[in-house]
2 protein chains.
Amino acid sequence: MINNQFKKGELYSFITGKASTAIARRLQKNFKEAGIEITIEQWSVLYHLWKEDGQSQQQLCEATFRDKPSITRLVDNLEKSKLVKRVASKNDRRSNLIFLTKEGKNLEPKTMEVANRTLNEALEGVTNGQIEIAKEVLQMVYDNLK
Amino acid sequence: MINNQFKKGELYSFITGKASTAIARRLQKNFKEAGIEITIEQWSVLYHLWKEDGQSQQQLCEATFRDKPSITRLVDNLEKSKLVKRVASKNDRRSNLIFLTKEGKNLEPKTMEVANRTLNEALEGVTNGQIEIAKEVLQMVYDNLK
DNA sequence: ATCATATAGTTGTTTATGCAACTATACAAA
DNA sequence: TTTGTATAGTTGCATAAACAACTATATGAT
């Protein structure tokens, strides 16, 4: 049992994820400055499609840790922006497969460069050892709760 | 300069804050199960008012790391729920001071108990040493970007 | 083959965020 | 006093999340 290790204020900060909010805002700002016209949430979908194109919405739910309505609407907006398109699956007619358009594919290198750069800004002055432990803790939290 | 310490997938997870999303969802679920009818975002405002009542909206912006429109609307909703009330400042007529109602004050013990319990669920199996380092890293990220 | 159940995705509603534009008040310099 | 500027807060708009209710298709048991 863990007790009282969080002083007031620290509990708040840990629960509300001020650090990840700060990263998201900076990433959005850096996208904008680089002329990349997507939201962070849309980026999170594209990120997984760049790794593997043609995933179903359900797969994208699991990959991005979002629910089905969220993915429906993110895909709606990505389709409006002509970055992806829905293709009905031939094996399972309930299922949509999401494919990147040419434009969606073209976005990858610039966007990933900005994401990597943003993370470097975020982690300025943090040692590799500290980062490893932070990653472990965040993974354990995620596994405890997901 | 920090390079390549994030393998694919880990970068995504770090940037998108899956751990803090998981904490927020669990906290919301625990509030609901305890019959506490507020959102996490409303909790984040109440949390700071419990520490110091009668703060201005501007102070709440800084405390909660939210912008002014967000606080305007969170206070709107907290007022609708009769948990706080706006009082025009006598010193500065531009400024609203936000005070807890009796009902808002009554909510504190139960709500903080749930928040602490949720954090314990999240950190099950994580050592105090790991937690200290994770807190340091998150604080450094926040300071680098805020 | 039929029926119950599970799975994939959509839609509606409420709450919240981010950004820009706006009003009102305060304050400081001329 | 007037004028310019900064600060506190609000409003409008687009995007997104959480939850419940819904449709359509698939699958497994009988």
Side-chain angles (χ1 to χ4, degrees), chain A residues 16-18 20-33 37-46 54-81 83-84 86-98, chain B residues 16-18 20-33 37-46 54-81 83-84 86-98:
Chain A
T16 59
K18 280 163 78 165
S20 54
T21 302
I23 295 182
R25 285 185 196 163
R26 178 63 64 90
L27 183 56
Q28 187 69 75
K29 176 167 166 273
N30 288 347
F31 279 164
K32 195 169 187 180
E33 283 173 8
E37 303 259 318
I38 57 174
T39 66
I40 305 307
E41 293 82 5
Q42 290 170 5
W43 171 77
S44 79
V45 172
L46 293 175
Q55 294 189 61
S56 70
Q57 294 187 200
Q58 185 56 44
Q59 286 176 297
L60 291 173
C61 287
E62 286 146 25
T64 63
F65 197 41
R66 290 182 158 79
D67 69 358
K68 291 193 290 183
S70 294
I71 291 296
T72 292
R73 279 139 178 162
L74 285 172
V75 172
D76 286 348
N77 284 332
L78 286 166
E79 260 193 328
K80 272 188 223 157
S81 311
L83 297 175
V84 306
R86 283 179 169 93
V87 177
S89 167
K90 278 160 190 168
N91 308 333
D92 185 339
R93 281 163 53 199
R94 294 170 303 182
S95 171
N96 293 330
L97 304 182
I98 312 304
Chain B
T16 60
K18 280 163 79 165
S20 55
T21 302
I23 294 181
R25 285 185 195 161
R26 178 63 63 92
L27 182 57
Q28 186 70 74
K29 177 167 166 275
N30 288 348
F31 279 164
K32 195 170 188 178
E33 283 172 9
E37 303 260 319
I38 57 174
T39 66
I40 305 308
E41 293 82 4
Q42 291 170 5
W43 170 79
S44 79
V45 172
L46 293 175
Q55 295 189 59
S56 69
Q57 295 188 198
Q58 185 56 44
Q59 285 176 299
L60 292 173
C61 287
E62 285 147 25
T64 63
F65 196 42
R66 288 182 160 79
D67 68 359
K68 292 193 290 182
S70 293
I71 291 297
T72 293
R73 279 140 179 162
L74 286 172
V75 172
D76 286 347
N77 285 333
L78 286 166
E79 260 192 331
K80 272 189 224 160
S81 310
L83 298 175
V84 306
R86 283 179 168 94
V87 177
S89 167
K90 278 161 189 167
N91 308 334
D92 185 340
R93 284 163 54 201
R94 292 170 303 179
S95 172
N96 293 331
L97 302 183
I98 312 304

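All values below come from the heavy atoms of this structure, side chains included, with hydrogens, waters and symmetry mates left out. Chain letters run A, B, ... following the sequence lines, proteins first, then strands; residues in each count from 1.
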- Within the structure, does a side-chain N or O atom of B:R73 lie under 4.0 Å from either OP1 or OP2 of C:dT17? no
- Message: It should be established whether B:Q57 places a side-chain nitrogen or oxygen under 4.0 Å from OP1 or OP2 of nucleotide D:dA8.
- Response: no
- Specify the separation, in whole Å, of atom NZ of A:K90 and atom P of D:dA26. 15 Å
- Atom-pair distance (CZ on B:F65; P on C:dT17), nearest Å: 12 Å
- Polar side-chain atom of A:E79 near backbone of A:L74 as donor-acceptor pair, under 3.5 Å: no
- Item | Nearest-angstrom distance from the residue atom CZ of A:R66 to C1' of C:dA8 | 19 Å
- Establish, with yes or no, whether the OP1 or OP2 oxygen of C:dA16 is under 4.0 angstrom from a side-chain nitrogen or oxygen of B:Q42. yes
- Task: State plainly whether the residues A:D76 and A:R86 are in salt-bridge range, i.e. N to O under 4.0 Å.
- Result: yes
- Query: Nearest-Å distance, CG (A:D92) to C1' (D:dA26)?
  - Reply: 6 Å
- May I ask you to say what A:L74 touches in the nucleic acid, namely base, sugar-phosphate or nothing, with a heavy-atom cut-off under 4.0 Å? sugar-phosphate
- Query: Is a donor on one side and an acceptor on the other found under 3.5 Å between the side chain of A:S20 and the backbone of A:G17?
  - Reply: yes
- Query: Under 4.5 Å between any side-chain heavy atoms of A:L46 and A:V84, yes or no?
  - Reply: yes
- Is A:R25 near enough to C:dG18 that one of its side-chain N or O atoms lies under 4.0 angstrom from OP1 or OP2? yes
- Item | B:K32 side-chain proximity, nearest of C:dG9, D:dA20, C:dC19 | D:dA20
- Within the structure, does a side-chain N or O atom of A:S89 lie under 4.0 Å from either OP1 or OP2 of C:dA8? no
- Query: Between A:Q28 (side chain) and A:I38 (backbone), is there a donor-acceptor pair under 3.5 Å?
  - Reply: yes
- Task: To the nearest Å, give me how far apart CD (A:E33) and P (C:dC19) are.
- Result: 11 Å
- Task: Let me see the working for A:N30 and A:R26 under side chain to side chain contact (heavy atoms under 4.5 Å, CB included), right down to the final yes or no.
- Result: CA-CA 6 Å; A:N30 288 347; A:R26 178 63 64 90; 3.8 Å; yes
- Message: Tell me the interatomic distance from B:L60, atom CG, to D:dT10, atom P, rounded to whole angstroms.
- Response: 12 Å
- Give a yes/no answer on whether the side chain of B:S70 brings an N or O atom under 4.0 Å of OP1 or OP2 in C:dT17. yes
- Query: Looking only at side-chain N and O atoms, does B:R93 come under 4.0 Å of OP1 or OP2 in C:dT25?
  - Reply: yes
- Between D:dG9 (P) and B:N91 (CG): distance, integer Å: 13 Å
- Within the pair A:S95 and D:dT25, is there a side-chain N or O less than 4.0 Å away from OP1 or OP2? no
- Query: Which part of the nucleic acid, if any, lies within contact of B:T72, taking any heavy atom under 4.0 Å across all strands shown: a base, the sugar-phosphate backbone alone, or nothing?
  - Reply: base
- Task: Taking only the side-chain heavy atoms of B:R94 (C-beta and beyond), determine which of C:dT25, C:dC19, D:dC19 contains the nearest atom.
- Result: C:dT25
- Query: Are any of A:N96's side-chain N or O atoms less than 4.0 Å away from OP1 or OP2 of C:dT10?
  - Reply: yes
- Note on the structure: Side-chain atoms of B:S56 come closest, of C:dT17, D:dG9, C:dG9, to D:dG9
